[in-house]
Amino acid sequence: MFQLWGKVIHNNRILCDTVISDPTEDTRTHKIFHCLEKICCELDLPNPIWLDTNIRQFQRYKKSKFYQDSFIESIEFDYLEIQILEE
């Protein structure tokens with residue numbers, strides 16, 4: 001089962017976090033997008049935009065950080081970090 005962990009970080013502290021599971025047989029990319037959307041909905045956050053740096057980080061480390069430049073709206077935290085827990 002695919003699991004994605006989302007954490008909202010401010011001043012090096014986790015403000016809130018959640019783990020979203022996706023048991024479907026969809027592609028890995030679709031699972032990531034679907035879980036990220038659910039994380040943002042559950043934590044009441046705007047959906048971030050994937051930049052080239054996010055894509056490279058995620059491909060290399062199975063995690064990525066979304067800073068203010070990834071959001072259209074202003075955010076009141078330092079960054080949103082997502083990480084694959086299980087594939």
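Just the heavy atoms: all of them, side chains too, but no hydrogens, waters or symmetry mates, feed the values below.
To the nearest 0.5 Å, atom CD1 of residue I84 and atom NZ of residue K63 are 12.0 Å apart. Atom CD of residue Q68 and atom CG of residue D78 lie 10.5 Å apart, to the nearest 0.5 angstrom. With rounding to the nearest 0.5 Å, the separation of CD1 in I82 from CD in Q57 is 9.5 Å. Once rounded to the nearest 0.5 Å, the distance linking CG of L45 with CD of E73 reads 10.0 Å. Remark: C40 SG to L80 CG distance equals 5.5 Å, nearest 0.5 Å. Summarising the geometry, atom CD belonging to Q3 is positioned 5.0 Å from atom CD belonging to E86; distances are rounded to the nearest 0.5 Å.
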Distance-only criterion, 3.5 Å: show the donor-acceptor pairs between side-chain atoms of residues 13-20 and protein atoms not counting sequence neighbours.
from, atom 1, to, atom 2, distance (Å)
D17, OD2, W5, NE1, 2.9
T18, OG1, E42, OE2, 2.5

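Partners of K7 according to the salt bridge (Lys or Arg N to Asp or Glu O under 4.0 Å) rule, which considers only residues two or more places apart in sequence or in another chain, are E81. In this view, R28 and E87 satisfy the salt bridge (Lys or Arg N to Asp or Glu O under 4.0 Å) rule, not counting sequence neighbours. Applying the side-chain hydrogen bond (donor to acceptor under 3.5 Å, both in side chains) criterion to T27, with sequence neighbours excluded, gives H30. Residues satisfying the side-chain contact (heavy atoms from CB on, under 4.5 Å) criterion with L51, sequence neighbours excluded, are I49, T53, N54, D69, S70.
Under the 4.5 Å side-chain contact rule for hydrophobic residues, F71 and I32 share a cluster. No path of Ile, Leu, Val, Met, Phe, Trp and Tyr side chains, each step under 4.5 Å between heavy atoms, connects L4 with I9, placing them in separate hydrophobic clusters.
I75 is not listed as a side-chain neighbour of V8, based on a closest heavy-atom distance of 4.5 Å or more.
Other residues, nucleotides and ligands contribute at most 12 non-hydrogen atoms within 6.0 Å of the CD atom of E76.
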One pair to check against side chain to side chain contact (heavy atoms under 4.5 Å, CB included): T24 and F2. What are the steps and the verdict? CA-CA 8 Å; T24 64; F2 183 85; over 6 Å; no
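Under the ring pair (Phe, Tyr, Trp, His ring centres under 6.0 Å) criterion, the residue pairs touching residues 48-68 are F33-W50, W50-F58, W50-F66, Y67-Y79, with sequence neighbours excluded.
Contact record, G6 with L43: O-CD1, 4.3 Å, taken as the closest heavy-atom pair.
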